[in-house]
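Below: the structure, in C-alpha coordinates.
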Amino acid sequence: MAPSNTPESTTPAEVPAPYGRGPTAAAQPSSASGRKPTARVRIHHLQQAKDNGEHFAMLTAYEQYTAEIFDQAGIEVLLVGDSASNNVFGNETSLPVTVDELLPLCRAVARSAKRALIVADLPFGSYEVSAEQAVATGVRFLKEGLAHAVKIEGTAYYADTVKAMVQAGIPVMAHIGFTPQSEHSLGGYRVQGRGDDAQRLVDDAVALQDAGAFSVLMEMVPAETAATVDAALRVPTVGIGAGKSTTGQVLVWQDMAGLRGGKMAKFVKQYADLRTTLSDAAAAYGDDVRSGQFPGPEHSF
(Lines give C-alpha, C1' and ligand atoms only; values in the text may rest on other atoms or scores of the structure.)
Protein backbone atom coordinates (compact mmCIF):
# COMPACT_ATOMS: atom_id res chain seq x y z
CA MET A 1 0.00 0.00 0.00
CA ALA A 2 1.32 3.41 -0.94
CA PRO A 3 -0.17 6.88 -0.86
CA SER A 4 -1.95 7.63 -4.09
CA ASN A 5 -1.50 11.02 -5.75
CA THR A 6 -3.11 10.05 -9.04
CA PRO A 7 -6.16 11.85 -10.44
CA GLU A 8 -8.17 8.66 -9.92
CA SER A 9 -7.62 8.73 -6.16
CA THR A 10 -10.76 9.34 -4.15
CA THR A 11 -8.77 11.63 -1.85
CA PRO A 12 -7.42 14.91 -3.26
CA ALA A 13 -3.64 15.15 -3.53
CA GLU A 14 -2.03 16.82 -0.54
CA VAL A 15 -1.05 20.44 -1.17
CA PRO A 16 1.97 22.21 0.36
CA ALA A 17 1.49 23.49 3.89
CA PRO A 18 0.30 27.10 3.56
CA TYR A 19 2.33 28.42 6.48
CA GLY A 20 5.72 26.84 5.81
CA ARG A 21 7.27 23.55 6.87
CA GLY A 22 10.44 24.53 8.70
CA PRO A 23 13.87 23.77 7.21
CA THR A 24 13.89 22.14 3.79
CA ALA A 25 14.49 18.41 4.15
CA ALA A 26 17.35 16.80 2.30
CA ALA A 27 16.45 14.58 -0.62
CA GLN A 28 15.57 11.09 0.56
CA PRO A 29 17.52 8.33 -1.20
CA SER A 30 15.82 5.35 -2.74
CA SER A 31 15.78 2.19 -0.66
CA ALA A 32 17.69 -0.97 -1.46
CA SER A 33 14.45 -2.44 -2.77
CA GLY A 34 14.24 0.28 -5.41
CA ARG A 35 11.32 2.12 -3.83
CA LYS A 36 11.29 5.84 -4.52
CA PRO A 37 10.26 8.50 -2.01
CA THR A 38 6.55 9.22 -2.03
CA ALA A 39 4.19 11.50 -0.18
CA ARG A 40 3.70 11.25 3.57
CA VAL A 41 1.42 8.38 4.59
CA ARG A 42 -1.73 9.75 6.20
CA ILE A 43 -4.63 8.08 7.98
CA HIS A 44 -6.81 8.38 4.87
CA HIS A 45 -4.24 6.28 2.98
CA LEU A 46 -4.75 3.50 5.50
CA GLN A 47 -8.48 3.81 4.95
CA GLN A 48 -7.91 3.56 1.20
CA ALA A 49 -6.00 0.32 1.77
CA LYS A 50 -8.98 -1.10 3.68
CA ASP A 51 -11.41 0.06 1.00
CA ASN A 52 -9.27 -1.40 -1.81
CA GLY A 53 -8.50 -4.72 -0.13
CA GLU A 54 -4.80 -3.83 0.18
CA HIS A 55 -2.41 -4.19 3.11
CA PHE A 56 0.14 -2.06 4.93
CA ALA A 57 3.08 -2.84 7.19
CA MET A 58 3.78 -1.41 10.64
CA LEU A 59 6.89 -1.79 12.80
CA THR A 60 7.98 -0.37 16.11
CA ALA A 61 10.83 2.15 16.09
CA TYR A 62 12.44 3.92 19.01
CA GLU A 63 15.35 5.93 17.61
CA GLN A 64 16.89 7.60 14.59
CA TYR A 65 18.52 4.84 12.58
CA THR A 66 15.80 2.21 12.63
CA ALA A 67 13.23 4.91 11.85
CA GLU A 68 15.25 6.04 8.85
CA ILE A 69 15.92 2.50 7.64
CA PHE A 70 12.34 1.29 7.99
CA ASP A 71 11.02 4.48 6.42
CA GLN A 72 13.25 4.11 3.38
CA ALA A 73 12.34 0.42 3.14
CA GLY A 74 8.71 1.46 2.60
CA ILE A 75 7.16 0.57 5.97
CA GLU A 76 3.99 2.64 6.04
CA VAL A 77 3.48 3.06 9.81
CA LEU A 78 6.05 3.35 12.60
CA LEU A 79 4.89 2.76 16.16
CA VAL A 80 6.77 4.36 19.03
CA GLY A 81 5.46 1.71 21.36
CA ASP A 82 5.34 1.50 25.11
CA SER A 83 7.17 -1.75 24.29
CA ALA A 84 10.24 0.49 24.56
CA SER A 85 9.86 -0.28 28.25
CA ASN A 86 11.05 -3.85 27.77
CA ASN A 87 12.98 -3.39 24.49
CA VAL A 88 14.92 -0.21 25.24
CA PHE A 89 14.81 0.53 28.98
CA GLY A 90 15.32 -3.01 30.28
CA ASN A 91 12.03 -3.45 32.16
CA GLU A 92 10.25 -6.79 32.30
CA THR A 93 6.93 -5.36 31.06
CA SER A 94 5.51 -2.27 29.37
CA LEU A 95 4.03 -0.93 32.61
CA PRO A 96 6.92 1.11 34.08
CA VAL A 97 7.64 3.33 31.05
CA THR A 98 6.55 6.97 31.38
CA VAL A 99 5.42 9.76 29.09
CA ASP A 100 8.65 11.66 29.74
CA GLU A 101 10.71 8.61 28.72
CA LEU A 102 8.77 8.02 25.51
CA LEU A 103 8.63 11.62 24.26
CA PRO A 104 12.34 11.87 23.31
CA LEU A 105 12.13 8.53 21.49
CA CYS A 106 9.07 9.74 19.62
CA ARG A 107 10.81 12.96 18.58
CA ALA A 108 13.80 11.03 17.26
CA VAL A 109 11.60 8.75 15.16
CA ALA A 110 9.43 11.57 13.85
CA ARG A 111 12.45 13.67 12.86
CA SER A 112 14.05 10.75 11.02
CA ALA A 113 11.11 9.33 9.04
CA LYS A 114 10.11 11.42 6.03
CA ARG A 115 7.26 9.25 4.73
CA ALA A 116 5.83 6.93 7.40
CA LEU A 117 2.88 7.73 9.63
CA ILE A 118 4.17 8.01 13.20
CA VAL A 119 1.91 6.57 15.91
CA ALA A 120 2.81 6.86 19.61
CA ASP A 121 1.57 4.67 22.43
CA LEU A 122 0.08 6.41 25.43
CA PRO A 123 1.71 4.56 28.34
CA PHE A 124 -0.04 3.05 31.32
CA GLY A 125 -1.34 5.68 33.71
CA SER A 126 -1.38 8.53 31.20
CA TYR A 127 -5.01 8.35 29.96
CA GLU A 128 -7.11 6.12 32.21
CA VAL A 129 -8.08 8.69 34.85
CA SER A 130 -10.29 10.82 32.59
CA ALA A 131 -10.88 11.99 29.06
CA GLU A 132 -9.23 15.27 30.06
CA GLN A 133 -6.08 13.43 31.08
CA ALA A 134 -6.07 11.50 27.80
CA VAL A 135 -6.46 14.69 25.75
CA ALA A 136 -3.64 16.38 27.68
CA THR A 137 -1.31 13.43 27.15
CA GLY A 138 -2.24 13.13 23.49
CA VAL A 139 -1.52 16.81 22.97
CA ARG A 140 1.96 16.32 24.45
CA PHE A 141 2.72 13.50 22.02
CA LEU A 142 1.64 15.57 19.02
CA LYS A 143 3.31 18.82 20.19
CA GLU A 144 6.43 17.58 21.98
CA GLY A 145 6.79 14.13 20.44
CA LEU A 146 5.90 15.25 16.89
CA ALA A 147 3.71 12.16 16.47
CA HIS A 148 0.91 12.12 13.91
CA ALA A 149 -1.44 9.91 15.94
CA VAL A 150 -1.60 8.02 19.22
CA LYS A 151 -2.68 4.55 20.31
CA ILE A 152 -4.54 3.62 23.48
CA GLU A 153 -5.46 0.23 24.89
CA GLY A 154 -8.92 -0.61 26.15
CA THR A 155 -12.46 -1.77 25.65
CA ALA A 156 -15.66 0.06 24.73
CA TYR A 157 -15.36 1.69 28.15
CA TYR A 158 -12.89 4.10 26.53
CA ALA A 159 -15.23 5.17 23.73
CA ASP A 160 -15.91 8.53 25.38
CA THR A 161 -12.16 9.03 25.86
CA VAL A 162 -11.53 8.35 22.19
CA LYS A 163 -14.32 10.72 21.20
CA ALA A 164 -12.87 13.53 23.33
CA MET A 165 -9.41 13.04 21.88
CA VAL A 166 -10.62 12.97 18.29
CA GLN A 167 -12.70 16.10 18.87
CA ALA A 168 -9.51 17.74 20.17
CA GLY A 169 -7.75 16.95 16.90
CA ILE A 170 -5.82 13.88 18.05
CA PRO A 171 -6.09 10.87 15.69
CA VAL A 172 -6.52 7.69 17.73
CA MET A 173 -5.74 4.06 16.96
CA ALA A 174 -7.56 1.75 19.37
CA HIS A 175 -5.97 -1.45 20.73
CA ILE A 176 -8.15 -4.41 21.78
CA GLY A 177 -7.76 -8.12 22.45
CA PHE A 178 -4.74 -8.79 24.60
CA THR A 179 -3.72 -5.42 26.00
CA PRO A 180 -0.27 -5.62 27.62
CA GLN A 181 -0.95 -2.74 30.01
CA SER A 182 -3.72 -4.90 31.54
CA GLU A 183 -1.70 -8.10 31.80
CA HIS A 184 -2.26 -8.39 35.55
CA SER A 185 -6.03 -8.08 35.31
CA LEU A 186 -6.10 -10.44 32.30
CA GLY A 187 -4.12 -13.10 34.14
CA GLY A 188 -0.97 -12.86 32.05
CA TYR A 189 -0.29 -13.22 28.33
CA ARG A 190 -3.48 -14.96 27.23
CA VAL A 191 -5.26 -15.14 23.88
CA GLN A 192 -8.46 -13.08 23.92
CA GLY A 193 -11.72 -13.52 22.02
CA ARG A 194 -12.11 -17.27 22.04
CA GLY A 195 -15.55 -18.83 21.71
CA ASP A 196 -18.36 -16.82 23.29
CA ASP A 197 -15.91 -13.99 24.07
CA ALA A 198 -15.60 -13.17 20.36
CA GLN A 199 -18.74 -11.01 20.36
CA ARG A 200 -17.27 -8.85 23.11
CA LEU A 201 -14.35 -7.94 20.86
CA VAL A 202 -16.70 -7.11 18.00
CA ASP A 203 -18.72 -4.85 20.29
CA ASP A 204 -15.58 -3.17 21.61
CA ALA A 205 -14.22 -2.57 18.13
CA VAL A 206 -17.46 -1.12 16.78
CA ALA A 207 -17.86 1.18 19.79
CA LEU A 208 -14.30 2.50 19.43
CA GLN A 209 -14.72 2.96 15.69
CA ASP A 210 -17.98 4.84 16.19
CA ALA A 211 -16.23 7.05 18.77
CA GLY A 212 -13.82 8.14 16.04
CA ALA A 213 -10.85 5.73 16.12
CA PHE A 214 -9.27 5.68 12.66
CA SER A 215 -8.03 2.11 13.10
CA VAL A 216 -8.35 -0.82 15.50
CA LEU A 217 -5.37 -2.98 16.45
CA MET A 218 -5.99 -6.53 17.65
CA GLU A 219 -3.38 -8.48 19.60
CA MET A 220 -3.36 -12.23 20.31
CA VAL A 221 -6.84 -12.87 18.92
CA PRO A 222 -7.89 -16.07 17.11
CA ALA A 223 -7.77 -15.58 13.36
CA GLU A 224 -11.47 -16.38 12.97
CA THR A 225 -12.45 -13.80 15.59
CA ALA A 226 -10.18 -11.19 14.04
CA ALA A 227 -11.76 -11.80 10.65
CA THR A 228 -15.20 -11.27 12.17
CA VAL A 229 -14.09 -8.02 13.80
CA ASP A 230 -12.51 -6.79 10.58
CA ALA A 231 -15.69 -7.53 8.63
CA ALA A 232 -17.75 -5.58 11.16
CA LEU A 233 -15.65 -2.42 10.81
CA ARG A 234 -15.43 0.34 8.23
CA VAL A 235 -11.98 1.38 9.43
CA PRO A 236 -8.76 -0.57 8.84
CA THR A 237 -7.57 -3.13 11.35
CA VAL A 238 -4.02 -4.00 12.37
CA GLY A 239 -3.03 -7.41 13.64
CA ILE A 240 -0.30 -8.84 15.84
CA GLY A 241 -1.03 -12.49 16.40
CA ALA A 242 -4.47 -12.02 14.85
CA GLY A 243 -4.27 -13.92 11.57
CA LYS A 244 -4.15 -12.51 8.05
CA SER A 245 -7.57 -10.87 7.67
CA THR A 246 -6.46 -7.49 9.02
CA THR A 247 -5.55 -4.59 6.76
CA GLY A 248 -2.17 -4.09 8.45
CA GLN A 249 0.31 -6.15 10.42
CA VAL A 250 2.68 -4.97 13.17
CA LEU A 251 5.68 -6.51 14.91
CA VAL A 252 8.24 -5.30 17.42
CA TRP A 253 11.28 -4.68 15.27
CA GLN A 254 13.74 -6.42 17.61
CA ASP A 255 11.61 -9.57 17.26
CA MET A 256 11.22 -9.23 13.48
CA ALA A 257 14.96 -8.72 12.90
CA GLY A 258 16.21 -11.24 15.44
CA LEU A 259 17.94 -8.82 17.81
CA ARG A 260 16.17 -10.04 20.94
CA GLY A 261 17.19 -13.42 22.29
CA GLY A 262 15.04 -16.05 23.94
CA LYS A 263 11.81 -17.72 22.92
CA MET A 264 9.67 -15.83 20.43
CA ALA A 265 5.89 -15.60 20.45
CA LYS A 266 4.10 -17.88 18.00
CA PHE A 267 3.07 -14.94 15.82
CA VAL A 268 6.64 -13.67 15.27
CA LYS A 269 8.46 -14.32 12.01
CA GLN A 270 12.16 -13.47 12.15
CA TYR A 271 13.55 -11.98 8.95
CA ALA A 272 17.18 -11.71 10.11
CA ASP A 273 19.53 -12.77 12.91
CA LEU A 274 20.94 -9.44 14.03
CA ARG A 275 21.82 -10.77 17.46
CA THR A 276 24.37 -13.18 15.97
CA THR A 277 25.62 -10.58 13.49
CA LEU A 278 26.25 -7.98 16.20
CA SER A 279 27.72 -10.52 18.59
CA ASP A 280 30.18 -11.74 15.95
CA ALA A 281 31.13 -8.16 15.04
CA ALA A 282 31.69 -7.18 18.68
CA ALA A 283 33.77 -10.30 19.35
CA ALA A 284 35.91 -9.68 16.24
CA TYR A 285 36.46 -6.06 17.27
CA GLY A 286 37.44 -7.10 20.77
CA ASP A 287 39.89 -9.67 19.43
CA ASP A 288 41.49 -7.10 17.08
CA VAL A 289 41.90 -4.56 19.88
CA ARG A 290 43.42 -7.06 22.31
CA SER A 291 45.79 -8.45 19.67
CA GLY A 292 46.90 -5.02 18.47
CA GLN A 293 45.49 -5.46 14.96
CA PHE A 294 43.16 -2.49 15.42
CA PRO A 295 43.73 0.31 14.79
CA GLY A 296 46.04 -0.28 11.85
CA PRO A 297 48.01 2.28 9.86
CA GLU A 298 44.99 2.89 7.66
CA HIS A 299 42.96 3.99 10.70
CA SER A 300 45.55 6.45 12.00
CA PHE A 301 46.29 10.08 11.09
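Everything numeric in this text was worked out from a predicted model, so none of it was measured.
V162 is not listed as a side-chain neighbour of Y127, based on a closest heavy-atom distance of 4.5 Å or more. For the pair V166/F214, no side-chain contact is recorded, criterion being any heavy-atom separation below 4.5 Å from C-beta on. In this structure, the side chains of F89 and L105 come closer than 4.5 Å at one or more pairs of heavy atoms. For the pair E128/Y158, a side-chain contact is recorded, criterion being any heavy-atom separation below 4.5 Å from C-beta on. Using a 4.5 Å heavy-atom threshold, the side chains of V221 and V229 count as separate.
In this structure, Q270 contributes its side chain and V268 its backbone to no donor-acceptor pair below 3.5 Å. Side-chain atoms of E183 do not come within 3.5 Å of backbone N or O of L95 as any donor-acceptor pair.
Residues R260 and D255 share a closest heavy-atom pair of NE-OD1, 2.7 Å.
Of the candidates T137, L122, V150, V150 is the only one forming a side chain to side chain contact (heavy atoms under 4.5 Å, CB included) with I170.
Heavy-atom contacts from other residues, nucleotides or ligands closer than 6.0 Å to CD of E92 number 12 or fewer. No more than 12 heavy-atom neighbours from other residues, nucleotides or ligands sit within 6.0 angstrom of OH on Y157. At most 12 heavy atoms of other shown residues, nucleotides or ligands fall within 6.0 angstrom of atom CD in E224.
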Query raised in the report: Given the rule in the side-chain contact (heavy atoms from CB on, under 4.5 Å) test, do S112 and D71 qualify, once you have shown the distances and angles that lead to the verdict?
Result: CA-CA 8 Å; S112 305; D71 189 52; over 6 Å; no
Query - Stepwise side-chain contact (heavy atoms from CB on, under 4.5 Å) test for L251 and F267 - result: CA-CA 9 Å; L251 286 175; F267 54 77; 4.0 Å; yes
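Among pairs with a residue in residues 160-169, none fulfils side chain to side chain donor-acceptor pair (under 3.5 Å), at least two apart in sequence or across chains.
Both V191 and I240 are assigned to one and the same hydrophobic cluster, defined by single-linkage of ILVMFWY side chains at heavy-atom distances under 4.5 Å. Cluster annotation: M58 is not connected to L146 through the hydrophobic network of ILVMFWY side chains, with a link wherever side-chain heavy atoms come within less than 4.5 Å.
Side-chain contact check for H55 and Q249: no donor-acceptor pair (N or O, by modelled atom type) lies under 3.5 Å.
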